[in-house]
Chemist: 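Below are the structure tokens for one structure; questions will follow.
Remember, it's 1-based here, ligands and their atoms both numbered in the order they're listed.
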Amino acid sequence: MKFSGKAVFELSKELPPEARGLIESVVEYLNRDYLKRGCGKDPSQGAEVVEWGFSGRELWMVFRCGKRVRIDDAVLRTRKVLSEKLGRELRVGVRGVRLVDCSIELDTEIRVSLRLPFVKSVERVDGKTVIRLGGLELGDLKKPVFVRLLRLIEEKEARAKWGGKAEHWQLLKESGRKKLTPPPEDPNRILEEAGWIRRLSIGQYLYTPPFTRILNALRRAFIEEVVKPLGFVEAVFPKMYPLRVGLKTGHLKGVINSMLFASLPKSYNIEEFEELIDYMYVMDDLPPEELQKYLRPPSYFLCFAQCEPFYWFFENEVLDDDSLPIKWYDASGPSFRWEAGGLHGVERVIEFHRIEVVWLGKPQQVIEIRNQLLQRYEHLMDRVLDMEWRWAWVTPWFYEQSGVAEEKLELDIDRPGTIDFEAYLPHRGPREDRKSWLEIGNISIHGTKFTEPFRIRHNKGETLWTGCSGFGSERWAIAFIAQHGFDPKNWPEQFLKYFEEEPMPKSVRGVTYPKTQRGKELLQWLEKLFARGS
Ligand code: ATP
Ligand code: ZN
Ligand code: MG
């Protein structure tokens with residue numbers, strides 16, 4: 001990222017011709033020292049005055065800047081030096097400053113909306129982008145919108161350099177091969193055809209009691225083996241959040257394309273709905289476009305990451321050592337995601353169920369808790385569920401500083417980032433194929449990603465971090481069955497303990513259900529296996 005632009009400083013009176021020498025020395029000082037401060041080892045990341053002149057009551061300078069000393073910063077620094085020097089030596093004051101012909105040059109092609117304030121034009125040529133900004137006054141340079149605009153551009157450039165790769169994947173640990181007893185085909189298909197689960201709408205299922213029993217056993221195993229031994233306690237989080245919360249967490253900016261939204265009715269007075277109700281009476285239909293006329297614009301998004309309310313709860317709170325760390329989990333409801341064409345069985349759905357573990361503390365505490373959780377997760381995966389798993393350090397691009405993306409990254413899992421837990425799905429193919437693995441959960445430490453925007457503070461000014469981990473019940477169930485099959489005889493003892501806490505509920509078997517002959521046979525087969533197992 002490079003900037004260039006011409007700044008015009010308005011002076012309180014005309015400069016005498018002999019001021020030239022003084023300004024020359026100011027420019028020399030700026031270029032050698034003051035505009036290079038904070039540019040690291042690379043002077044081209046700093047700023048430079050490349051041309052200057054004066055006439056009447058105006059002094060102009062053309063700047064070239066790298067991304068470490070941006071043009072707004074360079075102009076403000078220069079104004080400070082000029083005010084001091086011209087004031088002291090010539091009794092000339094610096095009144096105002098305008099930035100004309102300012103442009104930002106990027107080595108990548110990005111788009112920026114022309115509807116943004118300050119943006120005059122955007123040109124993309126030969127893999128580069130030049131963004132020209134309208135005339136800017138001193139006040140504009142100091143404004144948060146201008147600084148945010150620059151941050152947006154910087155972020156877009158970083159994302160473009162990251163090259164569409166959503167994340168960077170590095171193997172951390174793996175269980176090694178295990179003896180598996182996979183079912184005859186994709187468990188999602190068996191479950192659906194035998195009628196243990198039934199699709200209500202795209203990406204949304206009803207789980208009948210037998211499948212619910214499996215889900216619940218896994219959830220109990222997770223809570224008893226991982227969460228509770230570490231002292232996490234249960235809380236109940238809401239599942240629909242005001243837009244403001246998503247702006248602060250960054251989810252609205254990052255993943256708005258996969259979020260679901262909710263609207264309130266325009267009126268509580270049922271009489272105002274009369275026309276619509278009459279229409280439904282007669283037509284037995286409710287066209288969504290008609291319904292929309294009776295609703296307010298969406299003001300909520302549905303639970304996406306499930307930890308959002310945790311950060312909101314502590315917004316503006318000041319915590320002390322006695323209150324830290326805070327360790328909660330929420331198991332109270334579904335999360336929603338629009339997955340478009342990616343839907344598959346119950347492993348990738350629009351409405352799914354997850355136990356979300358969240359914690360808040362000082363950096364060392366947050367890292368330590370993450371490490372303890374990892375140990376317990378390993379215990380769950382190996383000792384209780386006996387699964388074939390692997391862990392990967394995945395760094396979403398936004399955790400990387402721009403520019404670092406192409407360089408080789410040192411693996412340091414104590415910095416903010418995410419570890420994905422993946423399980424092998426034998427029905428998908430050989431282990432070597434990445435597509436044969438399913439992400440079943442993950443664990444993250446966020447650094448100050450949430451404590452900063454929500455202003456969660458420590459009374460002695462110490463830094464606070466957060467962490468979270470999601471246990472996606474459906475994904476664990478599918479992975480477990482994909483590896484151990486439907487016959488409880490092949491399931492590990494340690495897990496049967498949880499499974500057998502509940503009796504086997506009856507499956508639905510009616511004249512018209514399950515739907516197909518093959519489904520009826522599959523159900524019979526399942527019932528036999530589970531009758532033996534219980
Ligand atoms: P993927 O890369 O597979 O889409 P993700 O990275 O979007 O997963 P996260 O945002 O990390 O998933 O969500 C945490 C956990 O929630 C996942 O590990 C998974 O167990 C579960 N999960 C996420 N999306 C879905 C979904 N659409 N259906 C079922 N479970 C899901
Ligand atoms: Zn989370
Ligand atoms: Mg992921």
Side-chain angles (χ1 to χ4, degrees), residues 165-169 188 197 199 202-205 207 215 218-219 222 232 235 237 239 241 245-246 249-251 254-255 257-260 302-313 327-331 333-360 366 369-370 373 377 381 387 389-399 416-423 425 428 434-447 449-451 454 465-480:
K165 261 187 290 162
E167 42 186 42
H168 166 99
W169 192 98
N188 290 293
I197 62 172
R199 207 182 71 138
I202 40 169
Q204 229 190 346
Y205 285 81
Y207 307 141
L215 279 180
L218 283 161
R219 288 161 68 86
F222 176 62
F232 283 86
F237 292 173
K239 293 293 171 286
Y241 318 133
V245 173
T249 60
H251 287 107
V255 288
N257 59 322
S258 33
M259 295 174 120
L260 276 78
L302 303 190
C303 171
F304 182 90
Q306 206 174 328
C307 47
E308 299 94 335
F310 182 64
Y311 318 121
W312 159 80
F313 179 87
K327 295 156 82 175
W328 290 356
Y329 71 95
D330 169 71
S335 295
F336 295 88
R337 281 194 194 180
W338 173 237
E339 298 275 3
L343 296 162
H344 184 79
V346 296
E347 69 193 47
R348 188 175 294 275
V349 274
I350 290 178
E351 179 171 348
F352 63 96
H353 300 80
R354 169 170 52 186
I355 299 172
E356 179 77 3
V357 183
V358 285
W359 61 104
L360 163 69
V366 167
I369 292 166
R370 193 273 318 266
L373 273 163
Y377 264 113
M381 293 181 194
M387 288 173 68
W389 53 266
R390 65 184 188 190
W391 296 350
W393 176 250
V394 291
T395 320
W397 65 269
F398 50 79
Y399 279 129
T418 297
I419 295 168
D420 272 357
F421 306 139
E422 299 185 350
L425 302 187
R428 287 210 192 156
R434 257 198 87 168
K435 293 200 198 74
S436 306
W437 295 78
L438 176 68
E439 178 191 327
I440 54 177
N442 61 26
I443 191 164
S444 298
I445 44 182
H446 315 120
K449 183 167 178 244
F450 301 117
T451 51
F454 285 95
W465 279 14
T466 55
C468 78
S469 178
F471 176 92
S473 314
E474 287 91 343
R475 297 253 179 119
W476 282 75
I478 291 301
F480 179 80

Chemist: For ligand 1, is any non-hydrogen atom under 4.0 Å from Leu438's backbone (N, CA, C, O), its side chain (CB onward), both, or neither?
Modeler: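 It is neither; nothing of Leu438 touches ligand 1.
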Chemist: To the nearest 0.5 Å, what is the distance between CZ (Phe232) and CD1 (Ile369)?
Modeler: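 Going from the CZ atom of Phe232 to the CD1 atom of Ile369 covers 5.5 Å.
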Chemist: Looking at ligand 1, does Arg337 have a heavy atom less than 4.0 Å from it?
Modeler: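 Flag set, Arg337 near ligand 1.
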Chemist: Does the ring centre of Phe222 sit less than 6.0 Å away from the ring centre of Phe471?
Modeler: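 Yes: the rings meet the under 6.0 Å criterion.
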Chemist: Which atoms of ligand 1 have any heavy atom of Gly472 under 4.0 Å away?
Modeler: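 This gives 20 (O) as the contact atoms.
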Chemist: First locate atom CH2 of Trp437, then atom CH2 of Trp389, and finally report the distance between them rounded to the nearest 0.5 Å.
Modeler: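 So the CH2 of Trp437 and the CH2 of Trp389 are separated by 9.5 Å.
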Chemist: Heavy atoms only, cut-off 4.0 Å: how does Arg348 contact ligand 1, side chain, backbone, both, or neither?
Modeler: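 It is both parts that get close, each with some atom under 4.0 Å.
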Chemist: Using a plain distance cutoff, I'd like to know if Val346 has any nitrogen or oxygen under 3.5 Å from a nitrogen or oxygen of ligand 1.
Modeler: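 Between Val346 and ligand 1 (N or O atoms, distance only) the closest approach is not under 3.5 Å.
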Chemist: Below 4.0 angstrom from a heavy atom of Asn442, which ligand 1 atoms are there? Numbered from 1 as shown, please.
Modeler: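 Going through ligand 1 atom by atom, the ones under 4.0 Å from Asn442 are 9 (P), 11 (O), 14 (C).
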Chemist: Pick one of side chain, backbone, both or neither for how Arg354 approaches ligand 1, counting any non-hydrogen atom pair under 4.0 Å.
Modeler: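 Within the 4.0 Å criterion, Arg354 contacts ligand 1 through side-chain atoms alone.
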Chemist: Do Tyr241 and Thr249 have a side chain donor and acceptor closer than 3.5 Å?
Modeler: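 Thr249 and Tyr241 do not have a side-chain donor-acceptor pair below 3.5 Å.
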Chemist: Would you tell me which option among Phe352, Phe304, Trp338 has the nearest heavy-atom contact to atom 22 (N) of ligand 1?
Modeler: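 Minimum heavy-atom distance to atom 22 (N) of ligand 1 goes to Phe352.
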Chemist: Atom 29 (C) of ligand 1: which of His353, Glu347, Glu474, Gln306 has the nearest heavy atom?
Modeler: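 Ranked by closest heavy atom to atom 29 (C) of ligand 1, first place is Glu347.
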Chemist: In plain terms, say whether Arg428 and Glu422 are close enough for a salt bridge, that is, a side-chain N and a carboxylate O under 4.0 Å apart.
Modeler: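 Here Arg428 does not pair with Glu422 in a salt bridge, since their nearest N and O are not under 4.0 Å apart.
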Chemist: For a distance under 2.8 Å, tell me if Glu308 has an N/O/S atom near the Zn ion (ligand 2).
Modeler: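 Checking Glu308: none of its N, O or S atoms is under 2.8 Å.
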Chemist: Look only at interatomic distance and state if Val349 has a nitrogen or oxygen under 3.5 Å from any nitrogen or oxygen of ligand 1.
Modeler: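 N/O-N/O distance under 3.5 Å: yes.
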Chemist: Before moving on, can you tell me the angle at the Zn ion (ligand 2) between the SG atom of Cys307 and the OE2 atom of Glu356, to the nearest 10 degrees?
Modeler: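 Here the angle at the metal atom is close to 100°, to 10°.
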Chemist: To the nearest 0.5 Å, what is the distance between CH2 (Trp328) and SG (Cys307)?
Modeler: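 One gets 13.0 Å once the value is rounded to the nearest 0.5 Å.
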Chemist: Locate the shortest heavy-atom distance separating Pro309 from Phe237; write the atom from each residue and the value.
Modeler: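 Between these two residues, the closest heavy atoms are CG-CB, 3.9 Å.
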Chemist: How long is the straight-line distance from OG1 of Thr466 back to OH of Tyr311, given to the nearest 0.5 Å?
Modeler: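 Between Tyr311 OH and Thr466 OG1, I get 4.5 Å after rounding to 0.5 Å.
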